Protein chains: 2
Amino acid sequence: MPEPLTTDPIAEARRQWEEHGWHDAAGGMAAVTAIMRTQQILLSRIEGVLKHFGLTFARYELLTLLSFTRSGALPMAKASARLQVHPTSVTNAVDRLERAGLVRRMGHPTDGRTTLVEITAEGRQTVLSATTELNAAVFTDPGFTPNELDELNTMLGRYRRGAGDFIDHEATPGA
Amino acid sequence: MPEPLTTDPIAEARRQWEEHGWHDAAGGMAAVTAIMRTQQILLSRIEGVLKHFGLTFARYELLTLLSFTRSGALPMAKASARLQVHPTSVTNAVDRLERAGLVRRMGHPTDGRTTLVEITAEGRQTVLSATTELNAAVFTDPGFTPNELDELNTMLGRYRRGAGDFIDHEATPGA
DNA sequence: TATTGTTATACTCTATAACTATA
DNA sequence: TATAGTTATAGAGTATAACAATA
């Protein structure tokens, strides 16, 4: 990685936006770019931890989802919908996880078309260890104050709902 | 894309975190996951616009950076540092942009090692059109209130500085 | 005819290592 | 010896299209 910058590149971009007269868009541009960059930093921290377990964030999320299920199994399409990723991404993730022995493919008992993904005992063990380390290394102190976390959860929850990410009754994620 | 969810998957994950006794990490997990997801939504909106210009977000950012330079040119390493991406990513982006006629590679006048990237007239035209459309379609109304934008800029600016993203004197990006 | 999932293909960005050329 | 950049290679996620099997 390169040397540290001596000035905030996003603040600098915002200044340029203002100079070009794009006042209405400057704040939005800065916030959107900041979200992009923050995601990058967080993802890099997370994947640094998950690497120890041979997992990527996408595969970790799939394992976590399965581990929270009563039966430990889910149809591929359900996993795709819940994780909000493309079906081929699930196929790919399951391929890798299956090769690692963390999940297993099974036929559906009544619908011959659907494939069930089931987490294995080893998968449960792995996701538990990974979560423990992730919680300690990132989630317990992600770099925001408790107050900021509440604001983020409220604000982004509202944003995601507005973007059609989910149809919710009225529950507010924050607090 | 799959059918819309009837419940917020992040709120659901948070509930599971609480149930497992991971109270200290639940809020951080939810906020971090929300940032990830929000980034995905925003990026998809942005790339939907940039597609009309044959650009990706990474290439758009490079073009924008060059267009804000006095001379319209920058050494590869400088671009890498400013955009906070890997040198090979810059090489790749410049390859594509050069093939599209939007930038041009030039030798450095005094240092034979460095390559300068210069934006072409067509590149300037393209980045201006793209910015106009991006501002209208996304940045002017990104889905957050002006107040929320300020909070995001302040909060994420502080976060990025804390993460060592840049060494700033004291300037606060928000407001 | 519609749905589920896989395969093939392709295109991102990212990262490491090996290499050339220059300072 | 250190720096700048390219190349080769590999891996990740994402996406479209074609296809098989089943409902």
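Note that the structure is predicted; figures quoted are calculated from it, not measured. Below, read A as the first sequence line, B as the second, and so on, with proteins coming before strands; counting in each chain starts at 1. Because only heavy atoms are used, hydrogens play no part in the values below, and waters and symmetry mates are left out as well, while side chains stay in.
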K.L.:
Between Ala58(A) and Val94(B), who's closer to the 5' end of DNA chain D by nearest nucleotide?
P.N.:
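Comparing both residues, the 5'-ward one is Val94(B).
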K.L.:
Can you check the Asn92(A) CG to dG5(C) P distance for me, whole Å?
P.N.:
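It works out to 16 Å between those atoms.
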K.L.:
Quick one: Leu97(A) CG to dA12(D) C1', roughly how many Å, whole number?
P.N.:
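After rounding, the reported distance stands at 14 Å.
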K.L.:
State whether the side chain of His86(A) and the backbone N or O of Thr88(A) hold a donor-acceptor pair below 3.5 Å, judged by distance alone.
P.N.:
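Yes: the side chain of His86(A) pairs with the backbone of Thr88(A).
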K.L.:
What is the distance, rounded to the nearest whole Å, between atom CE of Met76(B) and atom C1' of dT22(C)?
P.N.:
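Between C1' of dT22(C) and CE of Met76(B): 16 Å.
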K.L.:
Using the closest heavy atom to pick a nucleotide of DNA chain C for each, name whichever of Gln40(A) or Arg105(A) lands nearer the 5' end.
P.N.:
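With Gln40(A) and Arg105(A) compared, the 5'-side residue is Arg105(A).
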K.L.:
Let me know, please, whether Asp111(A) or Thr88(B) comes out on the 5' side of the other along DNA chain D by nearest nucleotide.
P.N.:
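In this pair, the answer is Thr88(B).
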K.L.:
Figure out the CG/P separation between Leu116(B) and dT6(D), and round it to whole Å.
P.N.:
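Spelled out: CG on Leu116(B) to P on dT6(D) is 11 Å.
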K.L.:
Quick one: is Thr114(A) getting a side-chain N or O under 4.0 Å of the dT22(D) phosphate, OP1 or OP2?
P.N.:
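Indeed not, no polar side-chain atom of Thr114(A) lies that close.
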K.L.:
Are Gln125(B) and Ser129(B) close enough, and set up right, to give a side-chain hydrogen bond (donor to acceptor under 3.5 Å, both in side chains), and what steps lead you there?
P.N.:
CA-CA 6 Å; Gln125(B) 165 63 33; Ser129(B) 304; 3.1 Å; yes
K.L.:
Specify the separation, in whole Å, of atom CZ of Arg99(B) and atom P of dC11(C).
P.N.:
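So the CZ-P distance, Arg99(B) to dC11(C), works out to 10 Å.
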K.L.:
Looking at Thr115(B) and dA4(D), is any side-chain donor or acceptor paired with a base atom of the opposite kind under 3.5 Å?
P.N.:
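Flag unset: no donor-acceptor pair detected.
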K.L.:
Separation of His86(B) atom NE2 from dA17(C) atom C1', in whole Å?
P.N.:
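Those two atoms, NE2 and C1', are 10 Å apart.
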K.L.:
Please state whether the phosphate of dA12(D), meaning OP1 or OP2, lies under 4.0 angstrom from any side-chain nitrogen or oxygen of Arg59(A).
P.N.:
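Affirmative; the distance criterion is met.
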K.L.:
Considering every strand and a 4.0 Å limit on heavy-atom distances, what is the contact class for Ser44(B): base, sugar-phosphate, or nothing?
P.N.:
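Counting heavy atoms under 4.0 Å across all strands, no contact is made by Ser44(B).
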K.L.:
dT12(C) C1' sits how many Å from Leu43(A) CG, rounded?
P.N.:
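The answer, rounded to whole Å, is 15 Å.
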K.L.:
Does a salt bridge link Glu148(A) with Arg158(B), judged by any charged N lying under 4.0 Å from a carboxylate O?
P.N.:
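A salt bridge links Glu148(A) with Arg158(B).
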K.L.:
State which of dT3(C), dT3(D), dG13(D) makes the closest approach to the side chain of Ser89(A).
P.N.:
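Shortest atom-to-atom distance from the side chain points to dG13(D).
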K.L.:
For Arg113(B) and dT1(D), what is the distance between atoms CZ and C1' respectively, to the nearest whole Å?
P.N.:
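Result: 11 Å.
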K.L.:
Looking at dA4(D), dA12(D), dA15(D), which one has an atom nearest to any side-chain atom of Arg96(A)?
P.N.:
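Of all the options, the side chain of Arg96(A) is nearest to dA12(D).
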K.L.:
Give a yes or no on whether the backbone of Met76(A) and the side-chain of Ser80(A) come within a donor-acceptor separation of less than 3.5 Å.
P.N.:
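A pair under 3.5 Å: no.
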K.L.:
I need the minimum non-hydrogen distance between Arg82(B) and Pro9(A), along with the two atoms involved.
P.N.:
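For Arg82(B) versus Pro9(A), the nearest heavy atoms are O-CB, 4.0 Å.
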